[in-house]
Amino acid sequence: MMRFSVLSKGDSTSNALMQRIITYLQDFELIYDEEEPDIVISVGGDGTLLYAFHRYSSRLDKVAFVGVHTGHLGFYADWLPDEIEKLVIAIAKTPYQVVEYPLLEVIIRYRHGGKETKYLGMNESTVKSTVGTLVMDVEIRGEHFERFRGDGLCVSTPSGSTAYNKALGGAIIHPAIHAIQLAEMASINNRVFRTVGSPLILPAHHTLMLKPVYVHDFNVTIDHLSVMHRDVKSIQFRVADEKVRFARFRPFPFWKRVHDSFISDEG
């Protein structure tokens, strides 16, 4: 029997929808299981689905996500509140297609030994200095590429390329392409300091490494999580071995989402 879990954004509209979904699915004899669900339904927006992803990131190979949006159209959340009955019947009665998207692996290592920290990101990771300008040596595949000076750096997944990365002037990448993208935040470029100035798109077998030059304390974000890391030796990024799985009950083409989000709400 299929097991399911529902996560709500927490507002009254989303909470009411969550209760309806739970009741309907239990009426179809599906089992509510917060610990080991086969399918996770997020009710809210893309932020809620990101939260759901991190809640279940230890069992990504066993769980598929589906999103209901109670606010604006989401990139991950594609079902409307008035489609709840249709969605519930689809979950209970029809086999679903699983669509897999690439994720970002981030490994932070520290100067004085210490246990390295590993994260998985669905959208992006950013690195900023705690004081003043960020100065980082950027290595690609073990070779020095540039010394970056500026406000910060953003490394994104293809599905996250429409989020903060896009605001930084990065390219929108289709999630069928297994890659990560490095975008600059306000780099300093003059006769003395030089960065490439363009977003870089790295394929799955390339590793990106940031190495501190002067200071070793940084603010690192992974999606909505923000953590201060001290005494950092290096921050490594690559396309993760793990993937995030979405349950698709109908087509939801990526370029249509881009169109609907940024160009027009109609059709």
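One side chain, T221 or T126, offers a donor N or O that lies under 3.5 Å from an acceptor on the other. No donor-acceptor contact under 3.5 angstrom links the side chains of T130 and D217, judged on distance only. Checking D11 against S14 by side-chain atom types alone, a donor-acceptor pair falls below 3.5 Å. Judged by distance alone, the side chains of E124 and T157 never bring a donor and an acceptor atom under 3.5 Å apart. Counting only N and O atoms by type, the side chains of T195 and N189 include a donor and acceptor under 3.5 Å apart.
Classification of the Y76-Y101 ring pair by plane angle, with boundaries at 30° and 60°, yields tilted. Between Y119 and H229, the angle of the ring planes goes over 60°, which puts this pair in the perpendicular group of the 30/60° scheme. Taking the six-membered ring where tryptophan is involved, the planes of F254 and H174 are perpendicular, since the angle between them exceeds 60° and thus also 30°.
To the nearest 0.5 angstrom, L182 atom CG is 8.0 Å from C154 atom SG.
Salt bridge annotation for K211-E139: present, with a cationic side-chain nitrogen under 4.0 angstrom from a carboxylate oxygen.
For the side chain to side chain contact (heavy atoms under 4.5 Å, CB included) with R20, the qualifying choice from L17, T23, I22 is L17, the only one to do so. With D231 as the partner, the side-chain hydrogen bond (donor to acceptor under 3.5 Å, both in side chains) test is satisfied by one option alone out of H216, R109, R111: R111.
Geometrically, R230 does not engage Y110 in a cation-pi contact, judged by NZ or CZ lying under 6.0 Å from the ring centre and within 45° of the ring axis. Because its NZ or CZ atom is both nearer than 6.0 Å to the ring centre of F262 and within 45° of the ring axis, K166 counts as a cation-pi partner of that residue.
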Next on the checklist: Could you walk me through whether F246 and V66 satisfy the side-chain contact (heavy atoms from CB on, under 4.5 Å) test, starting with their C-alpha distance in whole Å, then the side-chain angles of each, then the deciding distance to 0.1 Å, before giving a yes or no?
Outcome noted: CA-CA 6 Å; F246 292 97; V66 62; over 6 Å; no
